[in-house]
Number of protein chains: 2
Amino acid sequence: MDKRSTKKSLSVQTLRRLPNYLNYLKGLDASKDEYISASALAAQLRLNEVQVRKDLAAVSPTKGKPRAGFEIRQLIIGLEEHLGYNSIDEAILVGAGKLGRALLSYEGFKNAGLNIVAAFDTNPDLQNKSLDGKFVFPLDRLVNLSQRMKIHIGIITVPAEAAQEVCDLLVEGGVLAIWNFAPVVLQVPEHVYLRNENMAASLALISQHLQEKFTEEA
Amino acid sequence: MDKRSTKKSLSVQTLRRLPNYLNYLKGLDASKDEYISASALAAQLRLNEVQVRKDLAAVSPTKGKPRAGFEIRQLIIGLEEHLGYNSIDEAILVGAGKLGRALLSYEGFKNAGLNIVAAFDTNPDLQNKSLDGKFVFPLDRLVNLSQRMKIHIGIITVPAEAAQEVCDLLVEGGVLAIWNFAPVVLQVPEHVYLRNENMAASLALISQHLQEKFTEEA
DNA sequence: GATCAATCAGTACAATTGTATCGATTGGTC
DNA sequence: GACCAATCGATACAATTGTACTGATTGATC
């Protein structure tokens, strides 16, 4: 099979692990080791060894060498390819509040193929100047600019009340995916991919874990 | 083997969905309807109907009435209980940068049972004054304060380079769970629960979806 | 170059999760 | 009061995911 354009659709769970592999591998001293074993990776990331090996086998363009492991550089290439980090996606962000600004300057995105090209906000004090390196436009420019720049991703970091309205604007602006940080359920057309970043869900997992721990001890 | 196989432990996936139910239900006009059907909820949240019914059956203190649905108020009570929103957990946050500040003022936490009682930062300009309602201490006070206040949760919002160091301090301070927003793999002792908030993972899912869409059309 | 240890690769299996289907229950309507 | 439609509850089934095991391959060591 063609290895470059094969979009072997990986499972969602696998895909969630890939950024961690990539992250860790990039953090290694490149001059130190040329190979890394699935076992070592699993130990470092606290994952099941076989699982890691399967994941690596799925994304690595080259096979792993017994006794040595996988070639780190090839792994990185494979990971980035499967993660779509090569084809940079351009995004616009709506809501230059604290969370919005945090995302605008979030380190992780630089390497992840996401390029936030502009921000939007209703607050006149923030408009028409740069914030964290991104220019902030008034909201009424959104649809026009988005269409002209052929933006694919819209990021929503506005308060819950305004989220649906912003969402509609983004859809009108022609985005294909919406990354929603507001704690509301948004309604989008069928063809638009909606991804909710739900802090509360993570918090729930932590919370349950602590509760279980306490009831356990009691 | 499985040490936390307790009574009513819901699956991780279920637990992830619960905040969404709660969120939606709270957003409803309480005076409008007293009951809601699993079908209606499923349609609104774009989930499978049976799945929603199962989830609701698991968390609702009362049974659902055929033809009517589940009693909304009871559902909310049940959800909050399972999510641990009643037993408020106290947390400290390290790293009062943009992301840290975003979390300090995040609306959602108020209702989610998480109380961030203090923040820490190495930057002297931020220290010893309030930021978004939370007092910012120098980092060297962390261990002492954490121990004395018996804090359970530590939130890390520092740059990647400093994350492990902060993590160690939190562990020394006796926290039981760490919520890590830095894009690195942290090493923690066995008894500490580590939860990584991985923005890049979500991004990967969006990215893949877009890529699939494009290759599909081509 | 023979042996050994570490690692990869493939298969089989178990657990979890999501989906479909069927009967049971209830409130509204005539 | 009998019927109908909507919904719940339970069971069974399919798909996915995680784990265990066995054999094959390779590099290092002597």
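Quick note: numbers below take in every heavy atom, side chains included, and nothing from hydrogens, waters or symmetry partners. The chains referred to below are lettered A, B, ... by the order of the sequence lines, with proteins before strands, and numbering in each begins at 1.
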Protein heavy-atom contacts under 4.0 Å, written 5' to 3' over nucleotides 21-30 of chain D as B (base), S (sugar-phosphate only) or - (none), form the string ----BBB---
Residue pairs meeting salt bridge (Lys or Arg N to Asp or Glu O under 4.0 Å), one or both in residues 36-57 of chain B, sequence neighbours left out, come to B:Arg17-B:Asp55, B:Glu49-B:Arg53
Quiz item: B:Val192 versus B:Leu194: any side-chain heavy-atom pair under 4.5 Å?
Solution: no
Taking the basic N atoms (NZ, or NE/NH1/NH2) and the acidic carboxylate oxygens, is any pair closer than 4.0 Å for A:Glu80 and A:Lys26? yes
In a table with atom names and distances, give each donor-acceptor pair under 3.5 Å that connects a side chain of residues 70-77 of chain B to protein atoms at least two apart or in another chain.
none

Figure out the [atom1]/[atom2] separation between [X] and [N], and round it to whole Å.
X       : N      : atom1 : atom2 : value
A:Gln51 : C:dG10 : CD    : C1'   : 17 Å
B:Leu41 : D:dT7  : CG    : P     : 12 Å
A:Leu47 : D:dG18 : CG    : C1'   : 11 Å
A:Asn48 : C:dA14 : CG    : P     : 17 Å
A:Leu56 : C:dA9  : CG    : P     : 9 Å
A:Glu49 : C:dC8  : CD    : P     : 7 Å
A:Leu15 : D:dT17 : CG    : C1'   : 15 Å
B:Asp55 : D:dG9  : CG    : C1'   : 14 Å

For A:Ile116 and A:Lys134, the nearest pair of non-hydrogen atoms, with its separation, is O-CD, 3.0 Å
By side chain to side chain donor-acceptor pair (under 3.5 Å), A:Asp168 pairs with (sequence neighbours left out) A:Gln164
- Check against side-chain hydrogen bond (donor to acceptor under 3.5 Å, both in side chains), B:Asn115 and B:Asp89: CA-CA 6 Å; B:Asn115 183 24; B:Asp89 271 315; over 6 Å; no
In numerical order, the residues of residues 70-77 of chain B whose heavy atoms come under 4.0 Å of DNA chain D are B:Phe70
Please check if the side chain of [X] supplies one atom and the backbone of [Y] the other of a donor-acceptor pair under 3.5 Å.
X        : Y        : result
B:Asn180 : B:Arg195 : no
A:Ser60  : A:Lys63  : no
A:Ser146 : A:Gly173 : yes

Within the modelled atom types, does a donor on one side and an acceptor on the other bring the side chain of B:Lys54 and the base of C:dT19 under 3.5 Å apart? yes
### Message
So, OP1 or OP2 of C:dT16: does either fall under 4.0 Å of a side-chain N or O from B:Ser11?
### Response
no
*asked:* OP1 or OP2 of C:dG18 versus the side-chain N and O atoms of B:Thr14: is any pair under 4.0 Å?
replied: no
Output row for DNA chain C, stems defined as at least 3 consecutive Watson-Crick or G-U pairs under 3.5 Å, is C:1-30 with D:1-30
Just say parallel, tilted or perpendicular for the rings of B:Phe109 and B:Tyr106, cut-offs at 30° and 60°. perpendicular
